[in-house]
Amino acid sequence: MQKTARLMQGNQAIAEGAFYAGARFYAGYPITPSSEVADVASRQLPKLGGIYMQMEDEIASIAAVIGASLSGKKAFTATSGPGFSLMQENLGVAIMGEVPCVVIDVQRSGPSTGLATRPAQSDFMQIRWGRHGDQTIIALCPATVPECFSLTVQAFNLAEKFRTPVVLAADEIVGHMRENFVMPAPGELPVIDRVRPTVAPDQYLPYNFDGNGTAPLASFGSEYAFHVTTTMHGHNGFASTDPANATRRIAHLHRKIEANRDEIVLTKSFDVEDCEVLIIAAGAAARTARAAAERARQAGVKAGVLQLITIWPFADKEIMAAARNAKHIVVAEMNYSGQLAGEIARIVGNSIKLSRVNTYNGEVMYPQAVLQVLGVAGAAAAAK
């Protein structure tokens, strides 16, 4: 059967990707620029036999998502910077409890209310370090409408496989842009469901992980009765103050992701084989980087682009591989502090010249900003 292309918004594609992955529960509090995700979920989930709940705030939203996931449903929420800040403590609960769920953070300009309808990429560090204690997280970053869909499916797959929250770190530009999109047929993209216990209910241990894998997860309300707590816990889910258990448990939260990083970390490369200048970017800034690299090549500068799709864990190996022939790395991102650039500087050290292109004015980053750093003639006059 011939597929038909549809003109679809990024936020709509995110919601559709969640449904495709099997999500049947959404709880959220509307916040610009993510509100379209909630809007689509409110109309479509009831038709799919799912549940949409508008909560009183983002604290309640993530709490409801955690509860729904523990009850056996794939669950998600969508927010932006200020709301994501409110979710941090309960995200820590989901990490400690190893509760699979997906949080959509459509980034906007800040701090605080900031420019509520304007783009930014200033939540990357909050996504990684927003919670206290030793923990880690997975975060993906789409740059196109099709990626909004496919990476949402991937976010659920990773959450279910590794029993962890996953953040989809879109930005306002990608969330609100519209592009042609062809909906994959059911079964065309892989969909992973959590492993369920097969032992007798009286033998079930909700945190009895094996090696760098995860333990099967039962559902509240089933024949399996189990305990989930925010306190350090043992294999049975009940509190434990044993130092050896704490060492094992915290290490497991990290190692189940670190040991599988080659499966988790995704990037795309464009003309990096012979590049002397490597432009590294993510999300909407990656679109800018590709346009700049194309113009640079036309001007005789061998430029290539590495698009970071997985933000956390960071693409250390992939960056070094892409930069193997480069003499200059340019990091383009829509924030003041260079949140990605700092990580890249940590990786490459002083071995390669590194320049930063940062915009934080609430507007799209234009290719001219990158071309100026590359020294391409005529870029300065056209810069915005």
Practice item. Evaluate side-chain contact (heavy atoms from CB on, under 4.5 Å) for Lys302 paired with Lys327, printing each intermediate quantity in order. Key: CA-CA 10 Å; Lys302 291 183 178 179; Lys327 301 175 182 178; over 6 Å; no
Check your understanding: Atom CG of Leu217 and atom CZ of Arg194: how far apart are they, to the nearest 0.5 Å?
Key -> 5.0 Å
Check your understanding: To the nearest 0.5 Å, how far apart are SG in Cys141 and CG in Leu340?
Key -> 8.0 Å
Review point. Should the heavy atoms of other residues, nucleotides or ligands under 6.0 Å from CZ of Arg297 be counted, would the total exceed 12?
Key: yes
Review point. Roughly how far, to the nearest 0.5 Å, is CZ of Arg196 from OG of Ser222?
Key: 8.5 Å
Review point. Roughly how far, to the nearest 0.5 Å, is CG of Leu70 from SG of Cys101?
Key: 9.0 Å
Check your understanding: Do the rings of Tyr26 and Tyr52 sit parallel, tilted or perpendicular, given the 30° and 60° boundaries?
Key -> parallel
**Study point:** Ile192, CD1 atom: more than 12 neighbouring heavy atoms under 6.0 Å
**Key:** yes
Practice item. State yes or no: do Val195 and Tyr224 share one hydrophobic cluster built from I, L, V, M, F, W and Y residues joined by side-chain heavy-atom distances below 4.5 Å, directly or via other members? Key: no
Point to revise | Atom CG of Asp210 with >12 non-hydrogen neighbours under 6.0 angstrom | key: no
Practice item. Mark yes when over 12 heavy atoms from residues, nucleotides or ligands other than Arg290 sit less than 6.0 Å from its CZ; otherwise mark no. Key: no
Check your understanding: Should the heavy atoms of other residues, nucleotides or ligands under 6.0 Å from CZ of Phe19 be counted, would the total exceed 12?
Key -> yes
Review point. More than 12 foreign heavy atoms under 6.0 Å from CZ of Phe220: is that the case here?
Key: yes
**Study point:** Salt-bridge contact Glu318-Arg261 (side-chain N to carboxylate O under 4.0 Å)
**Key:** yes
Review point. Side chain of Glu36, backbone of Asn11: donor and acceptor closer than 3.5 Å?
Key: no
Point to revise | Ion pair check, Lys268 and Glu147, cut-off under 4.0 Å | key: yes
Check your understanding: So does Glu89 have more than 12 non-hydrogen atoms from other groups sitting under 6.0 Å from CD?
Key -> no
Review point. Given side chains that start at C-beta, do those of Ile264 and Leu158 come closer than 4.5 Å, heavy atoms only?
Key: yes
Check your understanding: How about Asn350: does its CG atom have over 12 heavy atoms from other parts shown lying under 6.0 Å from it?
Key -> no
Review point. Are Glu343 and Arg346 ion-paired here, with the side-chain N under 4.0 Å from a carboxylate O?
Key: yes
